[in-house]
Amino acid sequence: MRAAVRDDVAAGKNEGRVCTRFPPEPNGYLHIGHAKAICLNFGIAAEFSGRCNLRFDDTNPAKEDVEYVESIQEDVRWLGFDWDDRLYYASDYFERMYACALELIRMEKAYVDSLTAEEIRAYRGTLTEPGKASPYRDRSVEENLDLFERMRAGEFDDGAHVLRARIDMSSPNLNMRDPTIYRIRRVRHHRTGGEWCIYPMYDFAHSLSDSFEGITHSICTLEFEDHRPLYDWFQETLGLPSRSQQIEFARLNLSYTVMSKRKLLQLVREGLVGGWDDPRMPTLCGLRRRGYTPASVRNFCERIGVGKRDGVVDVALLEHTLREDLNARAPRVMAVLRPLRLIIDNYPADKVEMFPAVNNPEDPSAGTREVAFSRELLIEREDFMEDPPKKFFRLAPGRTVRLRYACLVTCTGVVKDERGEVVEVHCRYHPRGEAEDLPRARATLHWVSAPHSLPAEVRLYDRLFLVENPGDEKEGKDFKTHLNPGSLEILDGCRLEASLGAARPGDGFQFERLGYFCMDPDSRPGAMVFNRTVALRDAWAKIVRKTSA
RNA sequence: UGGGGCGUCGUCAAGCGGUAAGACACAGGUCUUUGGCACCUGCAUUCGGAGGUUCGAAUCCUCCCGCCCCAGCCA
């Protein structure tokens, strides 16, 4: 891909100029598949010191809406790209396109067809049989001009006539069998209002728009490969001064998720997720709410490469670029998701100490903060086991562990409720001097001081689907049958260290030893909500998995 | 049985006639006040298959096999 562009530049094509465009249709939210296209178009332009335009392909008013043109701009900006003042709309070119259509009619390269949609389909032929000419194919230029002008004037109902390019009804490429280029749609357009009642089709509009904008490289996905001859035909036949090279690439597929607009829309419509920005969605707004950083998405797009092979990229790679970025910049903090009371018997009840804690070991400039320590602490329930297996080296009766940034403690006993459940762990701490003589603690636990901690709700997310390729609906299996019932787990009663009281929605942190979390916009004063962006890699979980398997 | 594409490690992906990069995943190990991070090691005698050309082929030729896309007045 880059090589092709490089060759064109080297060959002096377009005077070495490079101009690309990202052309979304404003009929849905952008997802990570679009991010690949965005990074490609803006990336190539930047690499060859060219320009990349943002152009809305708004030629089908029945499906489009301003809601989408706004969200799309927000998402592209969030990803970190800038189109300066080059924000365009295909609808801005309607008048010029109409003039081009008139021109095609005069050249006898287009005609008004009055067949019904069904008839046109029947006349088109099949994959193996050629199509046959419409009885209206040889209308005179005058009649075509008259009819087409009256189409624009609004004299006909939807579907009464269409304008077709006059190419070759027996072409083995179905796209060349006199494709429709204008249809009547008496629908208000979100930008042109009631000005038009005929709208151009994609192939015509896209080819012309690219030429009008001086696009040198028109990057699109594989399914348009068959359209390239038609794309070229419009520019050549009309003798447009600016020609562009269409280059195709394979769209992105991610394991354990779906990417088609139709399926994503279905998830939203049927309430299977909370909305377009549900943190489990692969939409850019969903990823943003989940806590993904723009850099992590960009790096991901960089690493997957670009080719014409359609495959499925492992989400593990996305998670890797995410952790890589978050590890470098997320402030560390201590939070306990499933609290277990830990009492330090030899620590005075009214004493409170402040210990300095490192904000980010990967970034010394992030500094330190103070965390409160007291007799009553809360630790993670899964960090204590009454009867630990061999490789478990966290807290257990008689065991000594380190409390991060604080001290060494040894478990002296437990308190159980009537059901035999451990509800309290008792320990003895080792003051400096004594601690040095102890054998090295094999584990370090995170904790919070019970009286100083803050309550919060934490939402744990997992992959939305249970199978690698849920979109593959062969054998009639609906993709929704693969939904993961455990993709969202809500934890209440979590306790956070006091410094989190200053967090704001969108802020991301590493909850030490647990994962990366970010504050959700659902948070209210006194009722914080955090989303788990991604868990830390977990060697212990791997051991558990292996020994139980 | 028409046309257009694509087949290199579990997953992406370099390679463009000179003897298989890299990343993720995976497996071991070192380090460690995060069982995180970092670091080290291992991981395709082989490039969908079979022939052929060549001193030499993943790269060129032939045939075969497999997968994807196209019959919207959607994009």
Side-chain angles (χ1 to χ4, degrees), chain A residues 3 23-25 27-28 57-60 62-64 113 115-118 120-122 124-131 158-164 170-177 179-185 198-199 201-203 205-206 220-229 248 250 252 255 261 300 302-321 323-324 327-328 332 334 357-358 361-362 391-394 401-408 440-446 468 510-516 535-543:
Chain A
E25 181 187 16
N27 70 343
D57 222 329
D58 55 350
T59 57
N60 185 359
K63 292 187 173 176
E64 298 150 7
D113 197 349
L115 253 26
T116 65
E118 298 70 48
I120 287 180
R121 191 183 317 130
R124 187 158 28 227
T126 68
L127 293 180
T128 50
E129 307 155 25
D158 283 13
H161 308 281
V162 293
L163 184 69
R164 291 229 256 167
S170 60
S171 170
N173 181 345
L174 299 251
N175 296 118
M176 300 301 271
R177 319 242 263 227
T180 299
I181 58 180
Y182 265 96
R183 77 291 214 187
I184 300 171
R185 273 260 193 297
I198 55 172
Y199 293 95
M201 298 283 289
Y202 166 83
D203 290 298
H206 205 84
C220 63
T221 44
L222 255 28
E223 68 270 29
F224 293 105
E225 214 147 17
D226 286 338
H227 295 240
R228 194 169 55 215
E248 306 83 11
L252 169 69
S255 58
K261 278 186 187 176
F300 170 73
E302 197 68 39
R303 304 241 197 137
I304 55 177
V306 187
K308 298 184 74 165
R309 240 185 295 177
D310 53 312
V312 181
V313 176
D314 194 340
V315 267
L317 181 57
L318 213 211
E319 292 176 345
H320 173 262
T321 60
R323 290 194 185 100
E324 181 177 55
N327 176 53
R332 271 60 169 177
M334 292 198 284
V358 174
E362 307 292 323
K391 287 181 176 167
F392 181 91
F393 39 83
R394 272 112 96 149
V401 299
R402 183 183 298 282
L403 292 179
R404 178 133 238 223
Y405 299 126
C407 57
L408 257 26
R440 188 174 78 91
R442 297 209 59 193
T444 298
L445 270 40
H446 62 276
E468 232 177 273
Q510 183 195 103
F511 287 1
E512 292 214 41
R513 302 209 304 132
L514 297 174
Y516 297 97
L536 248 28
R537 291 189 64 188
D538 189 346
W540 169 241
K542 200 171 283 184
I543 291 169

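Convention: sequence-line order gives letters A, B, ...; per-chain numbering from 1.
Residue Val358(A) is classed as having no contact, given no heavy-atom separation below 4.0 Å to the nucleic acid.
Taking the P atoms as reference points, rC37(B) lies 11 Å from rC24(B), given to the whole Å. Separation of the P atoms belonging to rU19(B) and rC12(B) is 27 Å when rounded to the nearest angstrom. rC55(B) and rC63(B): their P atoms are spaced 24 Å apart (whole Å). Atom P of rG3(B) sits at a distance of 13 Å from the matching atom of rC64(B), rounded to the whole Å. rA57(B) and rG49(B): their P atoms are spaced 15 Å apart (whole Å). A gap of 16 Å separates the C1' atoms of rA50(B) and rA58(B), to the nearest Å. Of the P atoms belonging to rC43(B) and rG22(B), the separation is 11 Å, rounded to the nearest Å. Rounded to a whole angstrom, the distance from the C1' atom of rA13(B) to that of rC65(B) is 24 Å.
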Original post:
Where do Asp57(A) and His206(A) land on the side-chain hydrogen bond (donor to acceptor under 3.5 Å, both in side chains) test, with the steps shown first?
Top reply: CA-CA 8 Å; Asp57(A) 222 329; His206(A) 205 84; 2.9 Å; yes
Original post:
Going through the checks in order, is the side-chain hydrogen bond (donor to acceptor under 3.5 Å, both in side chains) test met by Arg404(A) and His446(A)?
Top reply: CA-CA 6 Å; Arg404(A) 178 133 238 223; His446(A) 62 276; over 6 Å; no
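Taking for each of Pro23(A) and Asp314(A) the nucleotide of RNA chain B with the nearest heavy atom, the 5'-most of the two is the partner of Asp314(A).
Pair check for rG10(B) finds rC24(B); Watson-Crick or G-U wobble, both atom distances under 3.5 Å. In this structure, rU54(B) makes no Watson-Crick or G-U wobble pair, since no nucleotide meets both defining distances under 3.5 angstrom. If you check rC67(B) for Watson-Crick or wobble pairing at under 3.5 angstrom, you find it paired to rG5(B). The partner of rC39(B) is rG29(B), judged by Watson-Crick or G-U wobble contacts that both fall below 3.5 Å.
Around CD of Glu302(A), the count of heavy atoms belonging to other residues, nucleotides or ligands within 6.0 Å does not exceed 12. Within 6.0 Å of atom NZ in Lys391(A), 12 or fewer heavy atoms from other residues, nucleotides or ligands are found, so the atom counts as exposed in its surroundings.
Distance, Arg303(A) CZ to rA23(B) C1': 6 Å, rounded to whole Å. Phe300(A) places its CZ atom 11 Å from the P atom of rA13(B), with the value rounded to the nearest Å. Going from atom CD of Glu64(A) over to atom C1' of rA75(B) covers 9 Å, rounded to whole Å. In this structure, Leu317(A) places its CG atom 14 Å from C1' of rG10(B), rounding to the nearest Å. Taking atom NE2 on His206(A) and atom P on rA75(B), their separation rounds to 11 Å, with Å as the unit. Distance, Glu302(A) CD to rC24(B) C1': 15 Å, rounded to whole Å.
Taking both residues in full, the closest heavy atoms of Glu25(A) and Glu64(A) are given as OE2-OE2, 2.6 Å, listed atom of the first, atom of the second, then distance. Residues Lys63(A) and Asn27(A) come closest through the heavy atom pair O-CB, 3.4 Å.
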**OP:** Could you run through nucleotides 67-73 of chain B and give me one letter per nucleotide, 5' to 3': B if any protein heavy atom sits under 4.0 Å from the base, S if only the sugar-phosphate is that close, - if neither?
**Re:** -SBBBSB
Subject >> Under 4.0 Å protein heavy-atom contacts per nucleotide of nucleotides 34-40 of chain B, with B for base, S for backbone only and - for none >> reply: BBBS---
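Under the side-chain contact (heavy atoms from CB on, under 4.5 Å) criterion, Arg537(A) pairs with Arg323(A), Lys542(A), not counting sequence neighbours. Remark: Tyr516(A) engages no residue in a ring-ring contact (aromatic ring centres under 6.0 Å, His included) (not counting sequence neighbours). Every residue meeting the salt bridge (charged side-chain N to carboxylate O under 4.0 Å, His left out) condition with Glu223(A), not counting sequence neighbours, appears here in chain and number order: Arg251(A). Looking at residues two or more places apart in sequence or on another chain, you find a side-chain hydrogen bond (donor to acceptor under 3.5 Å, both in side chains) between Asp203(A) and His227(A).
Remark: Lys308(A) is not in phosphate contact with rG4(B), judged by side-chain N or O atoms under 4.0 Å from OP1 or OP2.
Taking syn as a glycosidic angle within 90° of 0, rG72(B) qualifies as syn.
Residues Arg303(A) and Glu324(A) are paired through a salt bridge, judged by an N-O separation under 4.0 Å between the basic side chain and the carboxylate.
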